[in-house]
Amino acid sequence: MSNHEITLTINGETVTRTVEARTLLVHFIREDLSLTGTHIGCDTTSCGACTVLVDGKPVKSCTMFAVQAEGADIETIESLAAGGSLHPLQEGFWEKHGLQCGYCTPGMIMSAKGFLAEHPNPTEDEIRHGISGNLCRCTGYNKIVEAIQYAAEKLQSAEAGGE
Amino acid sequence: MIPGAFDYHSPRTLDEALSLLQKHAGEAKILAGGQSLIPAMRFRLAMPPILVDINRLDDLRYVEERGDHLAIGAMTREHALEDSQVVRSSYPLLHDTARVIADPLVRNQATVGGNIAHADPANDHPATMLAYHATVIAKGPSGERKIPIDDFFTGLFENAMKEDEILTEIRIPKPGANSGGAYTKLERKVGDYAISAAAVQLRLDGGTIAEARIGLTNVSAVPMRARAAEAELLGKSVSDAVIEAAGKAAAGECDPSPDLRGTIEYKRDMTRVMVKRSIHKAIARAKGGN
């Protein structure tokens with residue numbers, strides 16, 4: 001067994017903790033840092049509920065060890081509503097009814113955030129391909145796709161100074 | 001589910017990684033993208049006492065043409081293959097494959113080297129690399145070895161590398177003129193392993209199939225070439241009958257196991273269909289189409 005001191009940035013804050021090598025990133029986030037917005041769904045690398053951004057890329061935090069995140073920049077769902085106002089993705093999920101039970105939503109939104117950073121003006125097919133690692137048992141995905149389209153348009157117009 | 005305890009090392013250079021493997025011979029396991037190994041550790045199917053994490057070896061991340069081949073660094077993420085311009089334009093079989101491996105989240109972590117070294121017949125790259133006639137580069141304490149892909153897969157989850165070697169690069173020969181390739185995968189859902197999938201790479205000479213290599217996914221205990229199917233194509237003029245014969249040959253020579261994804265009969269017949277579809281697409285691409 002080995003313990004390791006790691007320093008990383010999470011939602012803009014630098015934290016240093018000692019972790020056992022076998023601690024999964026998702027357990028570190030939820031239990032050591034008490035950020036419980038990131039969910040554990042399947043425990044088998046299938047569902048994407050635990051998706052967080054690691055250096056901007058969406059990954060399954062149940063399939064990475066916390067010790068591997070040394071020096072990384074991590075974003076979780078808690079980082080999105082800056083200053084209490086909803087992020088365009090959160091607003092899109094609200095406006096377009098992109099959730100029912102909400103369990104998959106934090107992972108779905110973080111996956112969409114990483115996707116939109118690389119595809120700011122996506123087609124519907126690209127969105128469906130982009131979120132295909134995240135399972136939702138309620139919505140049938142159509143409303144989620146609409147929510148992401150809403151966010152893409154809003155982010156684009158903000159980019160163009162149209163806010 | 002929590003993995004068993006282990007000692008963790010994160011070398012910064014390939015030499016450091018190699019000396020760790022030598023020092024802990026028989027105990028150390030390499031951690032690449034971790035998308036197969038970490039789930040196996042969580043189920044306690046794998047309990048390596050020591051992990052050597054090679055994710056800090058940034059020198060092993062590249063996709064570029066060098067001389068007569070495409071060189072892919074072993075730690076290249078699948079995502080990078082999917083986005084690579086040279087892969088998209090000149091290696092359509094590889095691009096097809098990169099787009100259907102697991103799911104986008106897994107592809108952000110999973111590596112090409114890991115996919116191949118794991119030697120899982122359900123993984124997608126083995127069939128593709130068999131069809132491409134790729135070469136695997138393995139580095140060990142006594143230097144570098146080139147392993148032809150046909151000699152690489154030696155058993156279920158077993159490959160031709162020694163315990164103190166690291167897979168560093170995969171080389172795909174540049175396809176000649178009038179070449180084309182395609183990967184067709186039947187899966188129940190995104191992220192599942194294939195029910196069956198077929199990788200085809202071929203070259204046309206006029207209306208004749210001058211070269212053809214076919215790899216199959218998840219229909220045998222060891223990643224396999226469909227040699228009987230290849231023989232049905234070689235030297236023949238392109239026709240529906242020839243393509244059907246190749247599909248039937250592949251269905252006959254594969255050796256699937258029955259499971260949740262289907263019976264032996266179903267998997268054989270789907271192998272026939274996947275092989276035919278990949279051949280059709282490969283021929284269309286060899287003629288300059290998409």
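Chain letters run A, B, ... following the sequence lines, proteins first and then strands; every chain starts at 1.
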Residues in residues 49-67 of chain A near chain B [non-hydrogen atoms, under 4.5 Å]: A:Thr51, A:Lys57, A:Pro58, A:Val59, A:Lys60, A:Cys62, A:Thr63, A:Met64, A:Phe65, A:Val67

statement: The interface call for B:Arg99 against chain A, heavy-atom contacts under 4.5 Å, is both

Closest-packed option against chain A by number of heavy-atom pairs under 4.5 Å, given B:Val190, B:Val106, B:Asn108: B:Asn108

query: Taking atom CZ of A:Arg22 and atom CD1 of B:Ile38, what is their separation to the nearest 0.5 Å?
result: 14.0 Å

message: Please identify, among B:Gly191, B:Ala102, B:Pro39, B:Pro104, the residue contributing the most non-hydrogen atom pairs under 4.5 Å to chain A.
response: B:Pro104

field: Least distance between heavy atoms, B:Phe6 atom then A:Ala21 atom
entry: CZ-O, 3.4 Å

statement: Taking a cut-off of under 4.5 angstrom between non-hydrogen atoms, the residues of residues 118-148 of chain A near chain B are A:Glu118, A:His129, A:Gly130, A:Ser132, A:Gly133, A:Asn134, A:Leu135

message: Atom CG of residue position B:Asp59 - does it have more than 12 heavy atoms of other residues, nucleotides or ligands inside 6.0 Å?
response: no

query: Any side-chain heavy-atom pair from A:Glu70 and B:Arg56 closer than 4.5 angstrom?
result: yes

Among A:Leu24, A:Thr45, A:Asp43, residue most engaged with chain B (heavy-atom pairs, under 4.5 Å): A:Asp43

query: Which pairs, with at least one residue in residues 24-35 of chain B and sequence neighbours excluded, count as a side-chain hydrogen bond (donor to acceptor under 3.5 Å, both in side chains)?
result: none

statement: Comparing B:Ile50, B:Leu31, B:Leu37, B:Asp83 against chain A, the one with the most heavy-atom pairs below 4.5 Å turns out to be B:Leu31

message: Around atom OH of B:Tyr62, are there more than 12 heavy atoms from other residues, nucleotides or ligands closer than 6.0 Å?
response: yes

field: Qualifying residues under side chain to side chain donor-acceptor pair (under 3.5 Å), relative to A:Gln90, sequence neighbours excluded
entry: none

- prompt: At what distance, to the nearest 0.5 angstrom, does CD of A:Gln68 lie from CG of B:Asp53?
  reply: 4.5 Å

- prompt: With chain A, which of B:Met1, B:Gln109, B:Arg42 has the greatest number of heavy-atom pairs at distances under 4.5 Å?
  reply: B:Arg42

